Amino acid sequence: STGGAVATPEDHDVEYLTPVSIGTPEQILNLDIDTGSSDLWVFSSETSRSEVKGQTLYDPSNSSTAQKLEGYTWSISYGDGSSSAGEVYLDTVSIGALTVSSQAVEVAQKVSSEFTSDSNNDGLLGLGFGSLNTVQPNAQKTFFDNAMPALDSPVFTADLKAGIPGRYNFGYIDPNAYTGNITYVSVDDSQGFWDWTSPGYAIGSGSFENTTIKGIADTGTSLLLLPSSVVSAYYGKISGAKYDSTQAGYVLPCSPTPPDFAFGVGDDGAAIVLPGKYINYAPTGSSGTTCFGGIQGDSGIGFAIFGDVALKAAFVVFDGGSKTLGWASK
Ligand SMILES: O=C(NNC1=NCCC1)c1ccc(Br)cc1
């Protein structure tokens, strides 16, 4: 089997939303597919009314295939401080033509303000490793783990794009979605993340800097978070760029276009190049002269995060069979 669906960017590519069918008859919710977590949770008929502002709600009582897991609960908090919690049902879940008949659907009873104010986001679909799932008393499998045995190939791919819809596919690699070769790198799943090591980076037309950068491929994080030495080297090349403590990040003049940023993949010299315009993440004020940087520091996290700013420059294969990541330009 195979499947897949469109991934549509919200403003500034802060997140990408994908239509997911739940229940019988189908209830279609737009979910944030997140390789940095492993819970599938949705806004629901059980979500506190004061915490819902425009989201589409999954109502298990309107699904003939919903089955409540009595006594099961979940509670999650994300790297950006957002959180949600609730109860658990099993129901049929599909992404395009790919269907999992007994998927744990975690219904939110409470969500934090970040989710309440994100009116187009109806929930998250985690594609991290199973060890991250928060359901008690028994952890539940991700959509990918449930689907994997039936997939033509045990993979899913992320093809996110800047400002236009991309795609998540399951079970196959679309040869028309990328250019050149796919370079595969090993993944350390011991922390539950798609954790890999880049051999270094280059700034603009500069020479490649060999420096080990361990980090996770996280579709649920918006920015590219890198070691402070790398971030300082990058913004040090840009006149007027500075760390703005008020914004808690580096800001830069939106014009001229900043230098490209490339990160290495594999040990054969392959690299993914972020066009400089990707680093103009969003204007900080109404004049549009100053931009918030799409590359920021990873201090305090313990490893880098290759979030959407990086992923949208690549075609990425998440291989659940070999536990590897494949990176290609496009
Ligand atoms: O939470 C994380 N990724 N997903 C999402 N963020 C916000 C909503 C969804 C995340 C995961 C690992 C690390 Br390290 C930092 C952050």
Side-chain angles (χ1 to χ4, degrees), residues 1-7 17-35 37-47 55-74 76 84-109 121-158 167-174 189 192 219-220 317-321 323:
S1 65
T2 62
V6 68
L17 298 176
T18 294
V20 177
S21 167
I22 307 175
T24 311
E26 65 177 11
Q27 300 178 44
I28 297 180
L29 277 66
N30 296 316
L31 304 185
D32 178 4
I33 291 185
D34 176 23
T35 58
S37 66
S38 303
D39 286 53
L40 192 175
W41 73 263
V42 292
F43 276 79
S44 75
S45 50
E46 297 186 20
T47 309
Q55 292 83 2
T56 298
L57 309 180
Y58 166 65
D59 186 343
S61 66
N62 288 341
S63 172
S64 61
T65 42
Q67 296 172 280
K68 187 171 185 183
L69 289 183
E70 283 299 345
Y72 281 63
T73 59
W74 61 281
I76 194 164
S84 50
E87 298 179 324
V88 188
Y89 288 77
L90 298 178
D91 210 341
T92 301
V93 175
S94 298
I95 299 179
L98 179 63
T99 296
V100 170
S101 54
S102 185
Q103 174 63 44
V105 178
E106 303 170 30
V107 298
Q109 292 175 306
N121 179 329
D122 303 326
L124 267 71
L125 190 146
L127 294 181
F129 291 96
S131 59
L132 291 178
N133 182 264
T134 73
V135 174
Q136 292 289 344
N138 303 323
Q140 300 296 301
K141 288 187 175 186
T142 67
F143 177 82
F144 181 49
D145 277 345
N146 283 322
M148 217 181 316
L151 291 177
D152 291 4
S153 177
V155 302
F156 66 90
T157 62
R167 272 190 79 82
Y168 288 103
N169 288 330
F170 293 82
Y172 72 105
I173 292 170
D174 178 355
D189 67 352
T219 57
V317 181
F318 293 75
D319 191 317
K323 302 280 182 69

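Computation of the quantities below employed the complete heavy-atom set of this structure, encompassing side-chain atoms and omitting hydrogens, waters and symmetry-equivalent molecules. A quick note: this is a predicted structure, and the numbers were derived from the prediction, not measured.
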[X] to [Y] - nearest heavy-atom pair and separation:
X: S63; Y: D91; result: OG-OD2, 2.7 Å
X: A158; Y: T219; result: CB-CG2, 4.5 Å
X: Q103; Y: F143; result: OE1-CA, 3.2 Å
X: V107; Y: W74; result: O-NE1, 3.1 Å
X: N121; Y: D32; result: ND2-CB, 3.7 Å
X: G3; Y: L98; result: CA-CB, 3.8 Å

Below 4.5 Å, heavy atoms only, C-beta onward: do [X] and [Y] meet side chain to side chain?
X: L125; Y: L40; result: yes
X: N30; Y: T56; result: no
X: T35; Y: F318; result: yes
X: S45; Y: P60; result: yes
X: P19; Y: V6; result: yes
X: Q140; Y: L90; result: yes

When rounded to the nearest 0.5 angstrom, what distance separates [atom1] in [X] from [atom2] in [Y]?
X: L127; Y: F156; atom1: CG; atom2: CZ; result: 4.5 Å
X: L29; Y: I22; atom1: CG; atom2: CD1; result: 5.0 Å
X: Y172; Y: S153; atom1: OH; atom2: OG; result: 12.0 Å
X: L124; Y: D34; atom1: CG; atom2: CG; result: 5.0 Å
X: N146; Y: M148; atom1: CG; atom2: CE; result: 9.5 Å
X: T157; Y: I173; atom1: OG1; atom2: CD1; result: 7.5 Å

Review point. Passes side chain to side chain donor-acceptor pair (under 3.5 Å), T65 versus T24? Steps please.
Key: CA-CA 6 Å; T65 42; T24 311; 2.8 Å; yes
Review point. Do the rings of F170 and F144 sit parallel, tilted or perpendicular, given the 30° and 60° boundaries?
Key: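 F170 and F144: tilted rings.
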**Study point:** Among V93, L17, T18, D122, side chain to side chain contact (heavy atoms under 4.5 Å, CB included) partner for L31
**Key:**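 So, applying the side chain to side chain contact (heavy atoms under 4.5 Å, CB included) to L31 and each of V93, L17, T18, D122, only D122 qualifies.
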Determine whether a donor-acceptor pair (N or O, by modelled atom type, separation under 3.5 Å) exists between the side chain of [X] and the backbone of [Y].
X: S38; Y: F129; value: yes
X: E106; Y: V135; value: no
X: S1; Y: A150; value: yes

Exercise for review: Under the side chain to side chain donor-acceptor pair (under 3.5 Å) rule, what do T2 and D152 come out as? Steps first, then yes or no, please.
Suggested key: CA-CA 6 Å; T2 62; D152 291 4; 5.1 Å; no
